[in-house]
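These notes concern the structure reproduced below.
Order of the sequence lines fixes the chain letters, A, B, ..., with proteins taken first and strands second; residue numbering starts at 1 for each chain. This one's a predicted model, so the numbers in the text were calculated from it and none came from an experiment.
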2 protein chains.
Amino acid sequence: MTSPRTTTSYALLGLLGLRDWTTYELARQVQRSLHWFWPRAERKLYDEPKRLVADGLATATSGSTGKRPRTVYGITDAGRTELARWLDEPSAARSSEFEALVKVFFADAGTLDQLRTTLDRIVAESVQRVSDLADNVDVGVADPAFPTRMHLNALAVRLQVEQELTVLRWARWARAQVDSWPSVHEPDDWDATGSLATLVAECRAAVG
Amino acid sequence: MTSPRTTTSYALLGLLGLRDWTTYELARQVQRSLHWFWPRAERKLYDEPKRLVADGLATATSGSTGKRPRTVYGITDAGRTELARWLDEPSAARSSEFEALVKVFFADAGTLDQLRTTLDRIVAESVQRVSDLADNVDVGVADPAFPTRMHLNALAVRLQVEQELTVLRWARWARAQVDSWPSVHEPDDWDATGSLATLVAECRAAVG
DNA sequence: CGCAAGATACTGCCCTGTGCAGTATTTGAG
DNA sequence: CTCAAATACTGCACAGGGCAGTATCTTGCG
């Protein structure tokens, strides 16, 4: 083994389990589907298949389109076995990065206008993401690449949609809250402490 | 400037804007609050303040507790100015990693039992995160470190709670769905395509 | 009082991953 | 026929993660 496999290795192995792909196709497919819950830069997607081949989990078939090289990757039996084994392993915790929320959190280092702009941008980005998601799903339903996998796709997409809509609803709510604040330091008559208590109660109720 | 500042630089600068901290305290504080939307390894939090000092955005005061060194960091005027300026910049897109969802997505490479186990683990992790969040908030309300920042805290916490609860609800729903599947390849009588269409409709409705 | 466990305070190393620039060739639209 | 877009990569510098390692200080328990 060249070095310990990462989740990215298995994500690509998973795609190779469905059919053969060139790296370029793989990169596009990752952006369309996996990107929502396992985002990786295109750059990585050119390195990773080589490692899979070195470990005997994938095969590389070099061809060409005229003078341009063209490598097609496929999965091996060892690859399928390893992929199935990986499904048993415990997973890393979910983690999300939200730079704009860091700006909201430290809003008192700036002005109320800055906070309002930050929230407006979050709403705009969120609307964009929800639209993109809907467009993607529309295409996937009208012309499914893997019709027999629709149910797995639907499980994953449902979470993505709920997540994006949750952010959008929150952003609109937060923007409305902030609208009545006289300054970034005072929430007017909003009872922040009481609101936190309500949230805690919701959490306790959900976990039973 | 040593090199372009990252969001991590500004996140720490933001904390330094509230009061002075030792790196150890900073590390703990980041785990408690920022970690939910800007997760960074402890290791990084020891390097970053040094860069801030090198750029004149922070000050380092070396003291000691007996023979053990102890560096206290604080913000400079230049640091405050730079922090306020950063609030104007557009932010990076939100991004989240969810390894377990990759396993759900490629569940057809394994067995139905594996999928069920994966979902059970997601539910368990989710319950844990919701509890932790509630505990954190309880402590923060009972004994607030920065009472005058409660409203900003409440904005951020609300999003975190909604996000975690969304994942929890989804995981329970998905686990129930999968319960009736005869195999990982067939969703029994579940209309996955119809379900996707409903989700698209929800998205379209939300973006107007 | 003595000692163990946990808290405090870091550094080094190797690897993954990102972003951007750079280099070509081929295809398709007008 | 031409030019833009798509295809197909590589190199490089830096951010970041995880883990091991090395101390010292504090606290509670017997």
Nearest-Å distance for atom pair [atom1]/[atom2], residues [X] and [N]:
{"X": "B:Y24", "N": "C:dT11", "atom1": "OH", "atom2": "C1'", "value": "17 Å"}
{"X": "B:D47", "N": "D:dG17", "atom1": "CG", "atom2": "P", "value": "11 Å"}
{"X": "A:R43", "N": "D:dC9", "atom1": "CZ", "atom2": "C1'", "value": "8 Å"}
{"X": "B:E48", "N": "C:dT11", "atom1": "CD", "atom2": "P", "value": "14 Å"}
{"X": "B:W21", "N": "C:dA9", "atom1": "CH2", "atom2": "C1'", "value": "17 Å"}
{"X": "A:R40", "N": "C:dT18", "atom1": "CZ", "atom2": "P", "value": "5 Å"}
{"X": "A:R68", "N": "C:dT23", "atom1": "CZ", "atom2": "P", "value": "18 Å"}
{"X": "B:R28", "N": "C:dA9", "atom1": "CZ", "atom2": "P", "value": "11 Å"}

Nearest heavy atom decides the nucleotide; on that basis, is B:E97 or B:R70 closer to the 5' end of DNA chain C?
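Comparing both residues, the 5'-ward one is B:R70.
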
Select one nucleotide: of [options], the one nearest the side-chain heavy atoms of [X].
{"X": "A:K44", "options": "C:dC10, C:dT16, C:dT8", "result": "C:dT16"}
{"X": "B:K67", "options": "C:dT18, D:dC25, D:dG17", "result": "D:dC25"}
{"X": "A:Y46", "options": "C:dT25, D:dC9, C:dG17", "result": "D:dC9"}

Are OP1 or OP2 of [N] and a side-chain N or O of [X] less than 4.0 angstrom apart?
{"X": "B:T22", "N": "C:dT8", "value": "no"}
{"X": "B:T6", "N": "D:dG16", "value": "yes"}
{"X": "A:T23", "N": "D:dC9", "value": "yes"}

Does the distance from a Lys or Arg side-chain N to an Asp or Glu carboxylate O, for [X] and [Y], drop under 4.0 Å?
{"X": "B:R121", "Y": "B:E125", "value": "no"}
{"X": "A:E82", "Y": "A:R85", "value": "yes"}
{"X": "A:D135", "Y": "A:R32", "value": "no"}

Which part of the nucleic acid, if any, lies within contact of B:P39, taking any heavy atom under 4.0 Å across all strands shown: a base, the sugar-phosphate backbone alone, or nothing?
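Answer is sugar-phosphate: B:P39 comes under 4.0 Å of backbone atoms only.
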
Do B:R158 and A:W173 meet the cation-pi criteria used here (NZ or CZ under 6.0 Å from the six-membered ring centre, within 45° of the axis)?
yes

Please check if the distance between the ring centroids of B:Y10 and A:F106 is under 6.0 Å.
no

